[in-house]
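Everything on this sheet refers to the single structure shown next.
Every value quoted in this text rests on a predicted model; they were computed, and no experiment measured them.
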Amino acid sequence: MVRQPYLKKGTWSHDEDQKLIAYIRKYGIWNWNEMPKFAGLQRSGKSCRLRWMNYLRPNIRRGNFSREEEETIIHLQKTLGNRWSAIAARLPQRTDNDIKNYWNTRLKKRIMGEKKNSSSATTETKSSMEENSSDADSSMMVDILLDYQIPTMDDFPELAVYATFST
DNA sequence: AAGCGGTGCAACCGCTTCTAT
DNA sequence: CATAGAAGCGGTTGCACCGCT
């Protein structure tokens, strides 16, 4: 039995963030399992990867989701299901974890509430709602989203320093 | 001011998929 | 083709924070 070295868990400190950023800037991403050792971090590769992908990576937008983003998430969740990474691929600068959290904590509740309301609503209200979100509209929306060109590093020249090791 | 409950988010866990040999 | 290791993914949990009483 090989004793596992002590691996820290829980919230990342500023110092750990800096170490990971500095290491990736210098050497890029080559092997998540080996990297933490060399970066001087007592973290699992998984933990480093998650931290980088969801928080430290450049081009990440955090906080308030716009109305458009909300609608996009709702539409895509409807058509793709809980495939958060696929949904995230259509929402530039948002991470799958962020989208998942946003869905679970806010949108799901809202959708549930709307469903309850619509099931008790008059048929008139229902039909007007259906006009607004017909299947045709939904599939058109999805087509548009699927055609969306995900920005590349070329779109962010000021971040060229990261270009050698993105994704 | 203190206690409490609800909320949101960061991070972990376990499983699946991908890739290299 | 089989296998092992790495990477990716989605569900879930734990905790910090905030507002209310």
Should A:E69 and A:R61 be marked as a salt bridge (Lys or Arg N to Asp or Glu O under 4.0 Å) after you check the CA-CA gap, both sets of side-chain angles, and the distance that decides it?
CA-CA 12 Å; A:E69 285 175 316; A:R61 183 138 55 101; 3.1 Å; yes
Show, in sequence, the C-alpha distance, side-chain angles and deciding distance for A:K8 and A:E16, and conclude whether the side chain to side chain contact (heavy atoms under 4.5 Å, CB included) test is met.
CA-CA 11 Å; A:K8 197 173 172 234; A:E16 288 176 305; 3.2 Å; yes
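B:dA1 is unpaired under the criterion used here, namely a Watson-Crick or G-U wobble arrangement in which both key atom distances are under 3.5 Å.
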Can you pull every protein N or O that's under 3.5 Å from an N or O on nucleotides 15-21 of chain B?
{"residue": "B:dC15", "atom": "N4", "partner": "A:K46", "partner atom": "NZ", "Å": "3.4"}

Polar atoms only, N or O, under 3.5 Å: list the protein pairs with nucleotides 4-9 of chain B and their distances.
{"residue": "B:dG8", "atom": "OP2", "partner": "A:T105", "partner atom": "O", "Å": "3.2"}
{"residue": "B:dG8", "atom": "O3'", "partner": "A:R106", "partner atom": "NH2", "Å": "3.4"}
{"residue": "B:dC9", "atom": "OP1", "partner": "A:R106", "partner atom": "NH2", "Å": "3.1"}
{"residue": "B:dC9", "atom": "OP2", "partner": "A:R106", "partner atom": "NH2", "Å": "3.2"}

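Between C:dG10, C:dA6, B:dA11, one nucleotide has an atom nearer to the side chain of A:N33 than all others, and that is C:dA6. Across B:dA10, C:dG10, B:dC12, the shortest atom-to-atom separation from the side chain of A:R51 is found for B:dA10.
A:L20 is not connected to A:L50 by any chain of hydrophobic side-chain contacts under 4.5 Å among Ile, Leu, Val, Met, Phe, Trp and Tyr, and they are in different clusters. Both A:Y27 and A:M53 sit in one connected hydrophobic cluster of ILVMFWY residues. Membership requires side-chain heavy atoms under 4.5 Å apart, directly or through other members.
A donor-acceptor contact shorter than 3.5 Å is absent between the side chain of A:K19 and the backbone of A:L41. Checking side-chain atoms of A:R49 against main-chain N and O of A:G45 turns up no donor-acceptor pair under 3.5 Å. Here the side chain of A:R51 pairs no donor or acceptor atom with the backbone of A:D17 at under 3.5 angstrom.
Residue A:N104 places no side-chain N or O under 4.0 Å from the OP1 or OP2 atom of C:dG10. For A:S85 and C:dG10, the shortest distance from a side-chain N or O to OP1 or OP2 is below 4.0 Å. Regarding contacts with the backbone of B:dC12, a side-chain N or O of A:R43 is found under 4.0 angstrom from either OP1 or OP2. In this structure, A:T11 does not reach the C:dC15 phosphate: none of its side-chain N or O atoms is under 4.0 Å from OP1 or OP2. Taking 4.0 angstrom as the limit, A:W84 places a side-chain polar atom (N or O) nearer than this to OP1 or OP2 of C:dG11.
Residues satisfying the side-chain hydrogen bond (donor to acceptor under 3.5 Å, both in side chains) test with A:Q18, not counting sequence neighbours, are none. Residues that satisfy the side-chain hydrogen bond (donor to acceptor under 3.5 Å, both in side chains) test with A:W12, not counting sequence neighbours, are A:S47. Taking the ring pair (Phe, Tyr, Trp, His ring centres under 6.0 Å) definition, one finds that A:Y55 meets it with nothing, sequence neighbours left out.
Taking every heavy atom of residues 34-42 of chain A and every atom of DNA chain C, no pair lies under 4.0 Å.
The residue A:G45 sits apart from the nucleic acid: no heavy atom pair falls under 4.0 Å.
Residue A:L50 contributes atom CG, which lies 13 Å from atom P of C:dG10 at whole-angstrom precision.
Checked by atom type, the side-chain pair A:E70/A:Y102 shows a donor-acceptor distance below 3.5 Å.
Under 3.5 Å, the side chain of A:N97 and the base of B:dA11 form at least one donor-acceptor pair of N or O atoms.
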